[in-house]
Structures are given as structure tokens and as C-alpha cells.
Amino acid sequence: MTDDALYTARVDNSGGTSGHVRVHDGPILPCPDTADTASGSHTAGSGLVGSDLAGSDSAKSGPTGSDVVLPTGAPTPSGSGFNPEQFLAMAWATCLGETLRVVLRERRLPHESSVSVEVELHRDPAGGYRFVPRARVTIEQMAADEAREIAAAAHARCPVSKLLTGQGEPVLEIVDVADATDTSRATDAPAATGATDVPGATDRPDAGDAPETPETPSTPGAAHTPEPT
């Protein structure tokens, strides 16, 4: 049986943390900086800011005027937001791209570089799903052997690379909101006159919700510590 990818996210980074990422087949944001309609790729601009979210479901989270809120979606053709595969690809491409620039600068090599990342979603024989990430490094006007050695040095230093290769230790914490919820109900939520109590009503999805999509494993993030320059 072949282990074909169920979905593949593709992201390109130029300029590391001072550049930009291009998400192939990503959602079209309300205020993109640039859009390449021929390739179907979009360069995300400022995303959705608090004032842009008036009346939207995302506004319920209460963003401030300085918050940037990106829509999230499932890894399906009908997905209307960014999915976990794309976020992981953006994180690795940006972090590895910046670390690559640091290595080149330390060696006084004035070459331009870029990183492209693909994150595939596969079924896991052990149950559920798994990610298969792959990075492609390009260093302009450099011999392949030298570029391979520099890319390996950057990969060994990149914090996201370390996490993906098992050198990091993700921490999963549970936030207990029970007490805060009870206090909020007692002080801020007076009962409405004539309201009907429907047990579990807030836990039921709306009838118009999107159909169930494959469960995507959670990938805890790693704190990105900038490389010393």
C-alpha cells in the first residue's frame, strides 16, 4: 500500500525574518500586499486587524486594534483559512531562512538565499495522521557541495529544525478556566427576562458548520530565539 500524501502545503521564504513568505494556494486575505493570480499564490499582508473583523466570527475573541488575526481552515480545497500545515511550513521556512542568512553573513559570503518548505499530511499507521516536512535551500551562485555544507550548518542551528528533529521538548499545558467562568457568570452575566434554559445549547455546533475533516495532529510551537549576530 502506498503512503500517498493527503495534502501538501507549500511555502517560500525570502529574506528570513526581514523578508516575506509566499503561501501557495493560500486563502485570499482582505488586504493582501501582492497577489500572483497566474500562479494562485498570495503574499499575506497585514492580515485581519481588529477593526476589519466587525461582525465576523473571529471578532468574538475580542482582538485589540494592534492584533492581527488570521483566518484558520482545514487542509481541504474548500478551506477558507490557513491550516496547520501552512503555519508549520511558514515557521520553518522563515526560521531556517534567517539562520541561513546568519551563517552566510558570519562566513562573509554575500550570496542571496531562499528556503522553500513543503509539509505533507499522511495517515499514521499507528493511528491518526502525521506531518512529513521537507525544506529546499537555494543559495545563488554557489557550488552545490559548498551550498550543501552551509545548509547543513544552518539546519543544525535553526530552532524549528531542532524541534522537528526531536531536539526540542514541546510543553503542553492545560489552562483551567472553570473558576474564571463561574466568576464571570456571577458578576457580568445577569439572567435575561423570559429566557429559556436549553442544557448544552452552547456546546452544539451550528447546523451550517463545515463537514467533518481529518483530524490534524497538534504541533506545539517552539520559542524562536534569534541567532546572535
Side-chain angles (χ1 to χ4, degrees), residues 3 5-27 29 33 36 39-45 47 68 70-75 79 81-106 111-124 128-140 142 144 147-172 214-229:
D3 183 21
L6 302 175
Y7 169 81
T8 302
R10 296 179 175 86
V11 168
D12 304 321
N13 171 267
S14 296
T17 56
S18 301
H20 65 270
V21 289
R22 181 177 296 274
V23 182
H24 296 260
D25 300 320
L29 299 181
D33 287 339
D36 185 351
S39 65
S41 304
H42 306 281
T43 303
V68 175
L70 296 177
T72 56
F82 295 101
N83 53 59
E85 292 82 355
Q86 291 168 335
F87 281 119
L88 177 58
M90 285 188 277
W92 193 21
T94 303
C95 188
L96 182 58
E98 179 61 22
T99 309
L100 182 62
R101 282 160 48 89
V102 170
V103 172
L104 287 169
R105 186 165 61 248
E106 287 179 349
H111 297 267
E112 296 295 327
S113 61
S114 61
V115 176
S116 296
V117 169
E118 291 184 354
V119 175
E120 295 180 345
L121 176 67
H122 290 254
R123 292 190 182 279
D124 190 341
Y129 300 85
R130 62 189 176 89
F131 288 154
V132 178
R134 179 184 298 105
R136 291 184 173 89
V137 172
T138 300
I139 304 177
E140 302 292 343
M142 179 176 287
R148 188 176 297 109
E149 191 274 327
I150 289 177
H155 182 53
R157 291 173 59 171
C158 169
V160 177
S161 291
K162 291 178 180 179
L163 183 63
L164 293 175
T165 53
Q167 300 178 60
E169 300 203 5
V171 177
L172 180 65
E215 176 189 354
T216 303
S218 172
T219 305
H224 184 146
T225 304
E227 294 289 341
T229 58

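What you find for Leu100 and Ala151 is that their closest heavy atoms are CD1-CA, 4.3 Å. Of all the heavy atoms in Gly15 and Glu98, the pair that sits closest is O-OE1, 3.9 Å. Here the closest heavy-atom approach between residue Ser116 and residue Asp12 is recorded as OG-OD1, 2.7 Å. The minimum heavy-atom distance linking Leu121 with Pro75 is given by the pair CD2-CG, 4.2 Å. Across all their heavy atoms, Asn13 and Gly97 have their closest contact at OD1-CA, 3.9 Å. Looking at every heavy atom in both residues, Val102 comes nearest to Arg157 through CG1-NH2, 3.7 Å.
Proximity of Leu96 to Ser161: side-chain heavy atoms (C-beta onward) are separated by under 4.5 Å at one or more points. In this structure the side chain of Arg101 reaches within 4.5 angstrom of the side chain of Ser113, judged on heavy atoms. The shortest distance between side-chain heavy atoms of His111 and Ile150 does not fall below 4.5 Å. Contact annotation: the side chain of His155 approaches that of Thr165 to within less than 4.5 Å [non-hydrogen atoms, C-beta and beyond]. Residues Leu164 and Phe131 form no side-chain contact, since every pair of their non-hydrogen atoms from C-beta on lies 4.5 Å or further apart. Side-chain contact between Gln86 and Leu70 is absent, with no heavy-atom pair separated by less than 4.5 Å. Between Val160 and Thr94, the closest side-chain pair of non-hydrogen atoms is not below 4.5 Å. Two residues are said to be in side-chain contact when any heavy atoms from C-beta on lie closer than 4.5 Å; Asn83 and Tyr7 meet this criterion.
Residues satisfying the salt bridge (Lys or Arg N to Asp or Glu O under 4.0 Å) criterion with Glu120, sequence neighbours excluded, are Arg134. The side-chain contact (heavy atoms from CB on, under 4.5 Å) search around Glu140 returns Glu112, Thr138, not counting sequence neighbours. Applying the salt bridge (Lys or Arg N to Asp or Glu O under 4.0 Å) criterion to Glu149, with sequence neighbours excluded, gives Arg107.
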